[in-house]
Amino acid sequence: MANTILVTGGAGYIGSHACLELLQAGYQVVVVDNLANSKLESLKRVQEITGKSLAFYQVDIRDHDALADVFAKESINAVIHFAGLKAVGESCEQPQMYYHNNVYGTLVLTQVMAESNVKQLVFSSSATVYGAAEQVQYTEDLPIGAINPYGRTKAMVEDILRDLSASDSLKPSQSPWKIAVLRYFNPIGAHESGRIGEDPNGIPNNLMPYVTQVAIGKLAQLSVFGDDYPTPDGTGIRDYIHVVDLVKGHIKAIEALQSEKFADGGCKAYNLGAGKGCSVLEIINTFEKVTGRKVNYKMAPRRAGDLAEYFADPALALRELNWKVEKNLEDMAADTWNWQVNNPQGYN
Ligand code: NAD
Ligand code: UFG
């Protein structure tokens, strides 16, 4: 019998890679995306690469009736929920837009899911929900303490999902919610075909797209934000994870939700990261080694809101989802570069 996954935000960076892996793993895929930050071209290419087709609906998840129509037309088994706005700086300027899109959008989605009796959900959360912690290797039991509106939308949605799951005990006659909250560390890279990848609007905020645009000559110089952190080379340390490894974690989560492990329902959070930190200078050096290109950079002051160092403890995802990363930093650099040189203007 078909196992059909509704992917919200499926035309976006991570969503398009998830659609590709889902199709290749034999799932049927239905995408809902309002194309606010993506292009349909990504999904056209996903279908070309896989030789398989998916269903696409240009729908905003906040539109209850349009979303309910999709659930009525398609026979959905589970939802992977990527749709959301993700720029930290923009969330500080326009917090209402972020709360409306990310929090209200998830309320509408879960409402329609409940009405359609679809109760398996994988949610895109972020390591940013941890805020600043005493330890640099984050375990899932650390307190939540997001420090910007974007992060708070993720923390709020997590709370909503835990409350929804807890409410099952008061309604024993209904089928329970089965929810996996996946806290991503720093996703980078692209599919090895070089045909889908990250296509940021305007000047990128994140390190890897900035590095590639400097290497290809679209941007003049990278600013390394801070060389005086208490880290071995003074630059910030993060846990970078290849986007293909990341989306494979979602398939493992779906498998777990549909297995005996979640027979009684529940809402559980998992870190998705490599489990090891890497500095900004290490990223630049690896990128230069793999691509043979120089990355013109200068040292610059720290960026407001940045932490010196954090990385994932991914042991829970290994234990309970049977997932771990398979790709290394060289793969991430090579695949990002392959995407960049083959698509200098992104999907345009
Ligand atoms: P993205 O912007 O490329 O993809 C998000 C997709 O959601 C886009 O296609 C956009 O058009 C769509 N969308 C946004 N609001 C919508 C709405 N109201 N209705 C329908 N579609 C809507 O971003 P991404 O990098 O692929 O991120 C996917 C998810 O993962 C997001 O929820 C993001 O917050 C989360 N996340 C991303 C990162 C990262 O570094 N990329 C890190 C942690 C968490
Ligand atoms: N950095 C630079 N120069 C740049 C951009 C970034 O030196 O031009 C540095 C940052 O200071 C940081 C590292 O590179 O030390 C990574 O920065 P990114 O902006 O790529 O990523 P962040 O760790 O700041 O944040 C990312 C996402 C967030 C998400 C978080 C989860 O942007 O949305 O990961 O851990 F919440």
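Side chains included, hydrogens not; waters and symmetry mates left out as well; all remaining heavy atoms used. Predicted, not measured: the structure shown is a model, and the values here were computed from it. We count ligands from 1, going down the list as the structure has it; atoms in each ligand are counted the same way.
With 3.5 Å as the limit, one finds a donor-acceptor pair spanning the side chains of Gln258 and Asn3. Between the side chains of Thr231 and Glu309, no donor-acceptor pair is found at a separation under 3.5 Å. Between the side chains of Asn342 and Arg195, no donor-acceptor pair is found at a separation under 3.5 Å. For Tyr98 and Glu90, the side-chain atoms include at least one donor-acceptor pair closer than 3.5 Å.
In this structure, the side chains of Arg183 and Glu158 come closer than 4.5 Å at one or more pairs of heavy atoms. With contacts defined as side-chain heavy-atom distances shorter than 4.5 Å, the pair Asn148/Thr128 qualifies. Side-chain contact between Ser116 and Ile76 is absent, with no heavy atoms from C-beta onward closer than 4.5 Å. In this structure, Lys52 and Val29 have side chains that are not in contact, with every pair of non-hydrogen atoms separated by 4.5 Å or more. Within the 4.5 Å cutoff, side-chain heavy atoms of Asn37 are placed close to those of Lys86.
Taking each of Tyr57, Phe82, Phe185, Tyr184 in turn, the one with a heavy atom nearest to atom 36 (N) of ligand 1 proves to be Tyr184. For the residues His100, His17, Lys86, the heavy atom positioned nearest atom 23 (O) of ligand 1 is part of Lys86. Nearest to atom 14 (C) of ligand 1 by heavy-atom distance, out of Ala87, Gly84, Gly15, Gly9, is Gly84. Compare Arg302, Lys86, Arg303, Arg238 by their heavy atoms: the one nearest to atom 17 (O) of ligand 2 is in Arg303. Looking at Phe185, Tyr229, Tyr297, Tyr240 and measuring to atom 16 (C) of ligand 2, the nearest heavy atom belongs to Tyr240.
The ligand atoms of ligand 2 that sit less than 4.0 angstrom from a heavy atom of Ala127 are 35 (O). Residue contact check: Ser124 has heavy atoms under 4.0 Å from atoms 29 (C), 30 (O), 32 (O), 35 (C) of ligand 1. Near Val224, with a cut-off below 4.0 Å to any heavy atom, the atoms of ligand 2 are 7 (O). Of all the atoms in ligand 2, the ones that sit under 4.0 Å from a non-hydrogen atom of Thr128 are 31 (C), 36 (F). Shown in contact with Ser126 at under 4.0 Å from a heavy atom are these atoms of ligand 1, numbered in order with element: 43 (C), 44 (C). The distance from ligand 1 to the heavy atoms of Leu35 drops below 4.0 Å at these ligand atoms: 11 (O).
With hydrogens left out, the protein atom closest to atom 33 (O) of ligand 2 is Tyr150 CE2, 3.6 Å, a heavy atom. In terms of protein heavy-atom proximity, atom 36 (F) of ligand 2 is closest to Ser126 OG, 2.8 Å. Atom 20 (C) of ligand 1 has Asn34 N, 3.3 Å as its closest protein atom, hydrogens excluded (heavy atom only). Ranking the protein heavy atoms by distance from atom 9 (C) of ligand 2 puts Val280 CG2, 3.7 Å first. With respect to atom 33 (C) of ligand 1, the closest heavy atom belonging to the protein is Tyr150 OH, 3.7 Å. Ranking protein heavy atoms by distance to atom 4 (O) of ligand 1, first place goes to Gly12 CA, 3.5 Å. Closest protein heavy atom to atom 10 (C) of ligand 1: Asp33 OD1, 3.5 Å. At the shortest separation from atom 27 (C) of ligand 2 among protein heavy atoms lies Asn206 ND2, 3.9 Å. Summary of contacts: the protein heavy atom closest to atom 26 (O) of ligand 1 is Ile14 N, 2.8 Å. Of the protein's heavy atoms, Ile61 N, 3.0 Å lies nearest to atom 19 (N) of ligand 1. From the protein, the heavy atom lying nearest to atom 7 (O) of ligand 2 is Phe225 N, 2.8 Å. Of the protein's non-hydrogen atoms, the one nearest atom 2 (O) of ligand 1 is Asn37 ND2, 2.7 Å. Ranking protein heavy atoms by distance to atom 3 (O) of ligand 1, first place goes to Tyr13 N, 2.8 Å. Atom 11 (O) of ligand 2 has as its closest protein heavy atom Asp306 OD2, 2.6 Å.
Taking any N or O of Leu207, backbone or side chain, at least one lies under 3.5 Å from an N or O belonging to ligand 2. Considering backbone and side-chain N/O atoms, Leu85 never comes within less than 3.5 Å of an N/O atom of ligand 1. In terms of polar-atom proximity, Ala11 is not counted as a contact of ligand 1, lacking any N or O under 3.5 Å from an N or O of the ligand. Among the atoms of Ala83, none of the N or O lies under 3.5 angstrom from an N or O of ligand 1. For ligand 2, the polar-atom distance check against Ser223 finds a nitrogen or oxygen pair separated by under 3.5 Å. Between Tyr310 and ligand 2, at least one pair of N/O atoms sits closer than 3.5 Å. The shortest N or O to N or O distance between Asn186 and ligand 2 is under 3.5 Å.
Rounding to the nearest 0.5 Å places OG1 of Thr106 at 13.0 Å from CD of Gln111.
Counting heavy atoms closer than 4.0 Å to ligand 1, residue Lys154 contributes side-chain atoms (C-beta onward) but none from N, CA, C or O. Only the side chain of Asn101 comes within contact range of ligand 1, with a heavy atom under 4.0 Å; no backbone atom does. Of the heavy atoms in Arg62, only side-chain atoms (C-beta onward) come closer than 4.0 Å to ligand 1. With a 4.0 Å cut-off on non-hydrogen atoms, Asn205 touches ligand 2 through its backbone and not its side chain.
Using a 4.5 Å cut-off between side-chain heavy atoms of Ile, Leu, Val, Met, Phe, Trp and Tyr, with links allowed through other members, Leu182 and Tyr27 fall into the same hydrophobic cluster. Following chains of ILVMFWY side-chain contacts shorter than 4.5 Å, one cannot reach Leu246 starting from Ile188, and the two form parts of different hydrophobic clusters. A single hydrophobic cluster is seen to contain both Ile160 and Val181, as judged by linkage of ILVMFWY side chains at heavy-atom distances under 4.5 Å, directly or through other members.
By the 4.0 Å N-to-carboxylate-O rule, Arg162 lies close enough to Asp159 to be salt-bridged with it. Using a 4.0 Å cut-off between charged side-chain N and carboxylate O, Glu48 and Arg45 make no salt bridge. Between Glu330 and Lys289 there is a salt bridge, with a side-chain nitrogen of the basic residue lying less than 4.0 Å from a carboxylate oxygen of the acidic one.
Applying ring pair (Phe, Tyr, Trp, His ring centres under 6.0 Å) to His250 and the options Phe123, Trp323, Tyr184 leaves one that passes, Tyr184.
A donor-acceptor contact shorter than 3.5 Å is absent between the side chain of Asp306 and the backbone of Gly236. Of the possible polar contacts, one joining the Asn343 side chain to the Gly194 backbone as a donor-acceptor pair under 3.5 Å is found.
Heavy atoms of His81 stay at 4.0 angstrom or farther from ligand 1. For Val59, the heavy-atom gap to ligand 1 drops under 4.0 angstrom. Look at Gly105 and you'll find every heavy atom at least 4.0 Å from all atoms of ligand 1. The shortest heavy-atom distance from Ser125 to ligand 1 is under 4.0 Å. Within the 4.0 Å heavy-atom shell around ligand 2 one does not find Tyr138.
Ring planes of Phe287 and Trp337: perpendicular class, angle over 60° (limits at 30 and 60°).
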